[in-house]
Amino acid sequence: MAGIHYWRDYQYRTVAQACDRTTTIGLARSKDVDLRFFLPPPALPKVDDNRVLEDEIRQLLSSLPQTELDHCIKYFTSLALRESSQSLVAQRRGLWCFGGNGLPYAESLSSVPSEKLEAYSLQAILKHSRISTHVDSIVSHGGLQLLQRIYLLRKDSQKIQRSIMRVIGNLALYRHLHVSIVDSGWITLLAEAMKSPYVIQTSHAARALANLDRDTVSEKYPDGVYVLHPQHRTSQLIKADILFVHGLLGAAFKTWRQQDRDQRLDESTAQEENYTECWPKDWLAVDCPTLRIISVEYDTHLSDWNVKCPEDNHRKSMAYRSSELLNKLKMAGVGKRPIIWVSHSMGGLLVKKMLVNASRDEDMQDFVKNTRGIAFYSVPHHGSRLAEYSVNARLLLFPSIEVKELSKDSPALKELNDEFLEFAKSKDFKVISFAETLPTQVGSMMRLHVVPAESAGKYIYSTITIK
């Protein structure tokens, strides 16, 4: 049915009205489907005043459970409330507090665009959506409709739309919420996002739809785990998983771009049609269609709006992140088939830590048994001078936990490297390391070798230098 492109509008509309929820989800996950197969989302009440929308956001935040809250949920909620406009302060004639936790509704700030308030609020809602005991409250208090309203109003903000799709993807992990998600009209919006020219948008939509599609997908994709291929339903037998793990200040998509568009393209990228924003999706999937290509993301900045939560530092340690990523990948079904790891910078250290941890955990042995190869791209096995620069240039490279853990000749890195070498001796997988020989532009004032060649490959690693 997805291959039909010659009907008249009324024929698509008739079929759309007759489709059940499962069929609608299947169509949304079908390649090149005609969007006329999807009914418009149910009409939402009109809102002419931003203050009404701000009220709805506050009401949703205040209605969510106050149990299992971490400090960052409170932190972002506080930021959202402090971005409220003076006009609403005057209207309310007083202070508004979040859940009795004493986060004041600040009267002293000037009027701020509603979009900024929504950005901070979405960070709090996103964190609530990761807590299994909170997801029902998000839906029952009108969260699906409110998020849809913001999504439609902010078509000019891909960041806000992506954050909202992340929330929907998190809610879709829970099967009992699928009916509410479908009936609220989200399938139509996700199907439209699947046709976006931007890999980030399509990947967020693909994750949400895969979590909704229980007919053909057995795996679940938690927040931060994105399938680059196949993103649509397919009859192709998948023979192996290849996992891309980015490094410090990287991301699931931008790390694997060909080259920044604002830089002068060389001859090989001069033709626009040859450019790729994510080569694993655009190139590797074509060359190796039997692979499931997954890219993972973890925050080095807590939010897309470059707001750092001061209470979140414990989550930035390598020990915490490796454990969290391992559990997420297991939920996504990684370990059931052969695995190839491709890692950059700090991501390679996380891969090493994950495999060492998996070797010591009976429930994670499949990761060890099925690992067939690891590619390390500029991984600081013995540390990086980046940490030294961050102390002297805090405005350019702030001294985060991640940077400190990458210190040159760090005892922790030496211990991890020794553990991995011992672990790898008896394992039947290949390892290759790539080292950089040209300096990297960091900010507008500094060029440096983030990972010197001597740190990128030693001992058992076959090292190839990139010039």
Side-chain angles (χ1 to χ4, degrees), residues 225-229 238-259 276 278-298 318 321-322 325-326 329 332 334-335 337-359 367-382 384 406 413 416-417 419-421 423-425 427-438 440 449-467:
V225 178
Y226 301 98
V227 178
L228 301 180
H229 173 80
I238 301 300
K239 297 181 180 179
D241 289 335
I242 182 164
L243 309 179
F244 287 81
V245 186
H246 69 79
L248 183 64
L249 303 182
F253 311 102
K254 76 173 185 178
T255 289
W256 314 108
R257 66 196 183 281
Q258 180 181 357
Q259 186 175 333
T276 175
C278 185
W279 61 261
K281 179 180 185 295
D282 294 337
W283 295 346
L284 185 59
V286 174
D287 291 342
C288 306
T290 59
L291 292 176
R292 180 175 64 154
I293 305 172
I294 292 177
S295 188
V296 302
E297 184 157 294
Y298 54 94
M318 200 176 305
R321 281 190 168 133
S322 60
L325 284 177
L326 201 59
L329 291 173
V334 176
R337 54 177 72 96
I339 306 169
I340 299 170
W341 304 84
V342 179
S343 58
H344 174 249
S345 183
M346 176 183 167
L349 303 178
L350 287 174
V351 170
K352 289 163 64 175
K353 186 69 172 176
M354 281 190 281
L355 288 174
V356 169
N357 288 349
S359 69
F367 283 88
V368 177
K369 294 176 183 176
N370 284 316
T371 290
R372 297 291 185 268
I374 308 172
F376 293 121
Y377 282 91
S378 195
V379 174
H381 300 289
H382 302 278
S384 167
L406 297 181
L413 288 188
L416 173 60
N417 198 56
E419 290 175 340
F420 183 77
L421 288 171
F423 155 79
K425 282 181 181 177
K427 302 300 181 293
D428 185 24
F429 57 74
K430 305 296 183 182
V431 177
I432 187 169
S433 287
F434 295 85
E436 62 190 75
T437 59
L438 297 178
T440 299
H449 287 86
V450 179
V451 181
E454 62 271 18
S455 181
K458 281 188 178 181
Y459 308 119
I460 68 168
Y461 310 125
S462 301
T463 303
I464 299 176
T465 56
I466 305 298
K467 297 185 179 180

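Keep in mind that the numbers below use all heavy atoms, side chains included, and drop hydrogens, waters and symmetry copies. Computed from a predicted model, the values in this text were never measured in an experiment.
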Roughly how far, to the nearest 0.5 Å, is the [atom2] atom of [Y] from the [atom1] atom of [X]?
{"X": "H229", "Y": "L291", "atom1": "NE2", "atom2": "CG", "value": "7.0 Å"}
{"X": "K369", "Y": "F429", "atom1": "NZ", "atom2": "CZ", "value": "15.0 Å"}
{"X": "I340", "Y": "K430", "atom1": "CD1", "atom2": "NZ", "value": "12.5 Å"}
{"X": "S295", "Y": "K281", "atom1": "OG", "atom2": "NZ", "value": "12.5 Å"}
{"X": "S343", "Y": "I374", "atom1": "OG", "atom2": "CD1", "value": "7.5 Å"}

Next on the checklist: Going by ring pair (Phe, Tyr, Trp, His ring centres under 6.0 Å), name the residues that satisfy it together with F253, two or more places apart in sequence or in a different chain.
Outcome noted: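 For F253 the ring pair (Phe, Tyr, Trp, His ring centres under 6.0 Å) partners, ignoring immediate neighbours, are Y226.
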
Who pairs with [X] by side-chain hydrogen bond (donor to acceptor under 3.5 Å, both in side chains), at least two apart in sequence or on another chain?
{"X": "R337", "result": "D241"}
{"X": "W341", "result": "T371"}
{"X": "D282", "result": "T276"}

Checklist entry - Testing V351, I339, V342 for side-chain contact (heavy atoms from CB on, under 4.5 Å) with L243, which one passes? => result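 The single option meeting the side-chain contact (heavy atoms from CB on, under 4.5 Å) with L243 is I339.
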
Next on the checklist: Does any part of the side chain of T255, heavy atoms only, come nearer than 4.5 Å to the side chain of F244, both counted from C-beta?
Outcome noted: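 Answer no - side chains too far apart.
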
Next on the checklist: Run the side-chain contact (heavy atoms from CB on, under 4.5 Å) test against S359 and tell me which residues pass, sequence neighbours left out.
Outcome noted: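 Once residues adjacent in sequence are excluded, the partners of S359 under the side-chain contact (heavy atoms from CB on, under 4.5 Å) criterion are V368, F423.
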
Next on the checklist: For K254, give me all partners under side-chain contact (heavy atoms from CB on, under 4.5 Å), at least two apart in sequence or on another chain.
Outcome noted: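 In terms of side-chain contact (heavy atoms from CB on, under 4.5 Å), with neighbours along the sequence ignored, K254 is linked to A251, R257.
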
Checklist entry - Do F376 and H381 have ring centroids that are under 6.0 Å from one another? => result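 Distance test on ring centres: under 6.0 Å, yes.
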
Checklist entry - With distance as the sole test, does Y377 use its side chain to make a donor-acceptor pair with the main-chain N or O of H246 at under 3.5 Å? => result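 No; judged by distance alone, with no hydrogens or angles, the pair does not exist.
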
Closest heavy-atom contact between [X] and [Y]?
{"X": "G247", "Y": "S345", "value": "CA-CB, 3.9 Å"}
{"X": "L416", "Y": "L349", "value": "CD2-O, 3.7 Å"}
{"X": "L228", "Y": "P280", "value": "CD1-CB, 3.9 Å"}
{"X": "S322", "Y": "N357", "value": "OG-ND2, 3.4 Å"}
{"X": "A358", "Y": "F367", "value": "CB-CB, 4.1 Å"}

Item to check | Verdict with supporting geometry, L325 and K353, side chain to side chain contact (heavy atoms under 4.5 Å, CB included) | outcome: CA-CA 10 Å; L325 284 177; K353 186 69 172 176; over 6 Å; no

Item to check | side chain to side chain contact (heavy atoms under 4.5 Å, CB included) between L284 and W256, intermediate numbers included | outcome: CA-CA 11 Å; L284 185 59; W256 314 108; over 6 Å; no

Checklist entry - Would R292 and V334 satisfy side chain to side chain contact (heavy atoms under 4.5 Å, CB included), going step by step from the backbone distance to the final call? => result CA-CA 10 Å; R292 180 175 64 154; V334 176; 3.7 Å; yes

Item to check | Atom NZ of K427: over 12 foreign heavy atoms under 6.0 Å | outcome: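 Counting neighbours around NZ of K427, more than 12 heavy atoms of other residues, nucleotides or ligands fall under 6.0 Å, so yes.
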
Next on the checklist: Taking CG in D287 as the centre, count heavy atoms belonging to other residues, nucleotides or ligands within less than 6.0 Å. Is the count above 12?
Outcome noted: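 Counting other residues, nucleotides and ligands, CG of D287 exceeds 12 neighbours.
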
